[in-house]
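In each ligand, atom 1 is the first atom listed, and ligand 1 is the first ligand listed.
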Amino acid sequence: MNSAQGPILRFENLTLGYNRHPAVHHLRGEVAAGSLLAVVGPNGAGKSTLLKGIVGELRPMQGCVELIGLKRERIAYLTQQSTLDTSFPIVIHDFVAMGLWAQFGAFRGFNRAAKQRIEEAIGAVGLSGLENRPIGQLSGGQQQRARFARVMLQDSPLVLLDEPYGAIDANTVRDLAALVRHWNSEGRTIISVLHDFEHVRQEYPETLLLAREMVARGSTAQVLSEENLHRARHLAEVQGDFQGAAICHDNARDAHDAAEHHHG
Ligand SMILES: Nc1ncnc2c1ncn2[C@@H]1O[C@H](COP(=O)(O)OP(=O)(O)OP(=O)(O)O)[C@@H](O)[C@H]1O
């Protein structure tokens, strides 16, 4: 955490969830501007939910997420790769250029400087020469490179990455991780949901360990201790997964489950 800078984000007793089921609850704390923060935890721990809460895709059930000196629309948010619809007929150039929509609007032409920025972003992720290739014809790693180029054009002070390296090759991970480091060195705050602890230990000075609640937060070496990881696994097991109840839409059972969860 870069304590020389003030916070860019503050969680105040934040509870987020779906259909009245809390998925992450009672989060408190701040993220300093310029942080490079990993969010880790077992499956279903609420990591993606937290990112959705930060961008405002989910409204808090309780408490709030405060953005300091930043509008929500300015946040660059890379969702999990599985959410990308690759059947959509769009070529790499136009896909990447969408990163400039917030600055230029969707239907206005780009000026020369913007065109150059698009070209540079495509070059920075190693996709030069493929500008006119439909995204559906790219490998998973190339698609992720294109998505990173789009994030780059958004030029945001706060970048949220949800499992950015899920199913991609080692070379692509290396290149994209170098880009993330570069963005951070430019002063941007990066919050990444990650599963690979080795990667987190190497790249992220600070970690938040979630298991529906905050298990630990601080320097990565301290947070990723055997004891904390054991506690997170245990919490995940005893709290179970709410998905079954969420799908059945049985209000009485929902209320019962929520109460049990709350007291459990
Ligand atoms: N759209 C949704 N509707 C209902 N429940 C949801 C929805 N999305 C997630 N959940 C539930 O919220 C809980 C937290 O899910 P979330 O995706 O945030 O976990 P995660 O830590 O990102 O997990 P993973 O590592 O498996 O991606 C889970 O129980 C999940 O089933």
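- Per-residue contacts place Pro42 under 4.0 angstrom from the following atoms of ligand 1 (heavy atoms of the residue considered): 21 (O).
- In this structure, His21 falls outside the shell of residues with a heavy atom less than 4.0 angstrom from ligand 1.
- Aromatic ring orientation, Phe148 versus Trp183: parallel (interplanar angle below 30°, classes split at 30° and 60°).
- Taking all heavy atoms of Glu57, Lys47, Gln80 into account, the minimum distance to atom 20 (P) of ligand 1 is reached by Lys47.
- For ligand 1 and His195, the ligand atoms under 4.0 Å from any heavy atom of the residue are 25 (O).
- When each atom of ligand 1 is checked for a heavy atom of Ala45 under 4.0 Å away, the hits are 19 (O), 20 (P), 21 (O).
- In this structure, of Thr49, Leu58, Leu51, the residue bringing a heavy atom nearest to atom 16 (P) of ligand 1 is Thr49.
- By the criterion of a heavy-atom distance under 4.0 Å, the side chain of Ala23, and not its backbone, is placed next to ligand 1.
- For the pair Asn184 (side chain) and Gly34 (backbone), a donor-acceptor distance under 3.5 Å is present.
- Contact check on Asp155 versus Arg188 returns a salt bridge, with a Lys/Arg side-chain nitrogen under 4.0 Å from an Asp/Glu carboxylate oxygen.
- Judged by the shortest distance from any of its heavy atoms, Gly41 lies outside the 4.0 Å radius around the atoms of ligand 1.
- His26 and Glu213 form no side-chain donor-acceptor contact under 3.5 Å, judged by distance and modelled atom types alone.
- Arg147 and Thr79 share a donor-acceptor pair across their side chains, judged by distance under 3.5 Å alone.
- Of the heavy atoms in Arg212, only side-chain atoms (C-beta onward) come closer than 4.0 Å to ligand 1.
- Atoms of ligand 1 found under 4.0 Å from any heavy atom of Glu163, numbered from 1 in the order shown, are 25 (O), 27 (O).
- Remark: the Arg145 side chain and the Gln142 side chain contain no N/O donor-acceptor pair separated by less than 3.5 Å.
- More than 12 heavy atoms of other residues, nucleotides or ligands lie within 6.0 Å of CD in Glu186, so this atom counts as buried by the packing criterion.
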